[in-house]
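I have placed the structure first, in the form of structure tokens, so that the comments after it can refer back to it.
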Amino acid sequence: MEIYLQFLCNGIISGSIYALVASGFSIIYNTNKFMHFAHGNMVLLGGYVFYSLVTSGVPLIIAGLVSACFLSILSVLMFRLVYSRLQSKNASNVILLVASIALLGLIQNVIQIIYGEQVKVIDLKGSNESLEIAGVIITPVQIVILVVCIFLFVGLYFLLNKTNLGRSMKAVANNQELAKIIGINEKAVKELSFIIGSFIGGIAGSLIALEQSLAPAHGVNLIVKGFTGAIIGGIEVVPASILGSYLLGIIENISIIYISSDFKITISFGLLFLFLIFKPSGLLGQKSSIKK
């Protein structure tokens, strides 16, 4: 029984990271209606920025906030220089998808040029010390991940449901033309979705850098996990994307009891294909979940 509790805990930790990636991805998708696959390498870039700051002596909290703000600024430039210009020319979602994949590769190459191919690890004193709680082994960093995720998800709930910005984002997500008619600045809302989604991504990157290693190729894995989690829950409903990500993390880790951990990515792809074929709207999503 204890082994199941341990892997359940590990799944919740993994799911927390996936949920941060998925929620940012979902926020951007909902208002823009295209797949911003470059989000995976943006998250990774946030981790590298955090690594540079921490190894230079910057306190962890400040480094995390600076990394998140840096990603937000970069996302605005990306939106204005690439996506907004393509949208103004009535580019199809296929063109926007190709652009996002090109940006995914570009960011990875920039990371490789600046940081090289070697794996980067942040070595903090005491970060790997294990604590036993009710028979479950957990590290201080993992506790930090859980606390930060709870704080962010509660804040995100209030932002999306209790503020004018959140209501504007929902209006643009539901009907862009109607949103324009009632006076909502559609372009500004789309830009803000990139800012919010990338800020969350920056926090995710910082947490990944704290717990795991960083390598230029990890960004693709992050977007696969975030996208899969969003599809499982329902990409058009941010809380559903978060729920789907936790389910993915738990399923992956429980499966390790029976199969090799090398098959984690295979499990993700298998679940992704199953949901795309049989339940593309996700567990709690809307029927028109993925736009062509």
Side-chain angles (χ1 to χ4, degrees), residues 4-31 33 35-37 39-40 43 136 138 142-163 166 169-170 173-174 193 196-201 203-205 207-208 211 221-256 264-265 267-291:
Y4 286 97
L5 288 176
Q6 182 64 63
F7 280 98
L8 175 63
C9 177
N10 294 344
I12 292 172
I13 301 298
S14 299
S16 296
I17 297 295
Y18 301 162
L20 288 175
V21 179
S23 59
F25 182 80
S26 181
I27 287 169
I28 293 171
Y29 172 80
N30 280 338
T31 52
K33 299 305 179 189
M35 301 294 180
H36 175 48
F37 283 132
H39 185 66
V43 172
V136 174
I138 190 168
Q142 291 174 332
I143 294 173
V144 169
I145 289 173
L146 291 174
V147 171
V148 170
C149 285
I150 291 170
F151 177 80
L152 279 177
F153 293 147
V154 171
L156 190 59
Y157 170 81
F158 280 99
L159 174 67
L160 296 178
N161 295 282
K162 306 296 182 179
T163 67
M169 291 176 69
K170 285 184 178 181
N174 291 330
S193 74
I196 296 168
S198 297
F199 185 90
I200 295 172
I203 299 298
L207 295 175
I208 290 167
E211 192 202 20
N221 184 59
L222 286 172
I223 196 57
V224 168
K225 299 300 178 71
F227 180 61
T228 302
I231 292 299
I232 289 174
I235 195 170
E236 289 192 342
V237 182
V238 175
S241 297
I242 293 171
L243 173 63
S245 298
Y246 276 106
L247 289 175
L248 173 63
I250 291 169
I251 292 170
E252 275 188 350
N253 281 272
I254 294 295
S255 299
I256 293 174
K264 262 190 173 185
I265 191 68
I267 294 170
S268 297
F269 277 121
L271 288 170
L272 177 60
F273 285 127
L274 284 173
F275 272 87
L276 286 175
I277 293 170
F278 298 107
K279 187 71 172 172
S281 61
L283 295 174
L284 302 175
Q286 302 171 9
K287 291 185 178 180
S288 57
S289 205
I290 299 182
K291 308 292 182 183

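Worth knowing before you read on, the calculation uses all heavy atoms, side chains too, and leaves out hydrogens, waters and symmetry mates. When a residue number appears, it is its place in the shown sequence, counting from 1. These numbers come from a predicted model, not from an experiment.
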Under the 3.5 angstrom rule, does the side chain of [X] hit a backbone N or O of [Y] as a donor-acceptor pair?
| X | Y | result |
| --- | --- | --- |
| Thr163 | Leu159 | yes |
| Lys33 | Asn30 | yes |
| Ser241 | Gly233 | no |

Quick one: side-chain contact (heavy atoms from CB on, under 4.5 Å) partners of Ile12, sequence neighbours excluded?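 For Ile12, the residues satisfying side-chain contact (heavy atoms from CB on, under 4.5 Å) (neighbours in sequence not counted) are Leu8, Ser16, Leu146, Tyr246, Ile250.
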With a 4.5 Å cut-off on side-chain heavy atoms, are [Y] and [X] touching?
| X | Y | answer |
| --- | --- | --- |
| Ile256 | Asn10 | no |
| Ile232 | Leu248 | yes |
| His36 | Tyr29 | no |
| Ile145 | Cys149 | yes |

Contacts of [X] that satisfy side-chain hydrogen bond (donor to acceptor under 3.5 Å, both in side chains) - sequence neighbours left out:
| X | answer |
| --- | --- |
| Ser23 | none |
| Lys170 | Asn161 |
| Ser14 | Asn253 |
| Ser193 | Thr31, Asn32 |

What is the ring orientation for Phe269 with Phe273, classed by angle as parallel under 30°, tilted 30 to 60°, or perpendicular over 60°? parallel
Would you sort out whether Val147 and Phe151 count as a side-chain contact (heavy atoms from CB on, under 4.5 Å), showing the intermediate values? CA-CA 6 Å; Val147 171; Phe151 177 80; 5.6 Å; no
Spatial distance of atom [atom1] ([X]) from atom [atom2] ([Y]) [nearest 0.5 Å]:
| X | Y | atom1 | atom2 | answer |
| --- | --- | --- | --- | --- |
| Tyr157 | Ile242 | OH | CD1 | 12.0 Å |
| Ile223 | Thr228 | CD1 | OG1 | 9.0 Å |
| Tyr18 | Asn221 | OH | CG | 6.5 Å |
| Gln6 | Ile254 | CD | CD1 | 10.0 Å |
| Ile203 | Ile17 | CD1 | CD1 | 11.0 Å |
| Ile231 | Leu276 | CD1 | CG | 5.5 Å |

Checking side-chain contact (heavy atoms from CB on, under 4.5 Å) for the pair Leu247/Leu271: CA distance, chi angles, key distance, verdict? CA-CA 11 Å; Leu247 289 175; Leu271 288 170; over 6 Å; no
Closest non-hydrogen atom pair between [X] and [Y], with its separation:
| X | Y | answer |
| --- | --- | --- |
| Leu152 | Leu20 | CD1-CD2, 3.7 Å |
| Ala204 | Val21 | CB-CG2, 4.4 Å |
| Ser245 | Ala230 | OG-N, 4.3 Å |
| Val43 | Gly201 | CG1-O, 3.6 Å |
| Gly282 | Phe275 | CA-CD2, 4.4 Å |
| Phe25 | His39 | N-NE2, 3.7 Å |

Pair listing, salt bridge (Lys or Arg N to Asp or Glu O under 4.0 Å) test, anchored in residues 239-255, at least two apart: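 Qualifying pairs: Lys225-Glu252.
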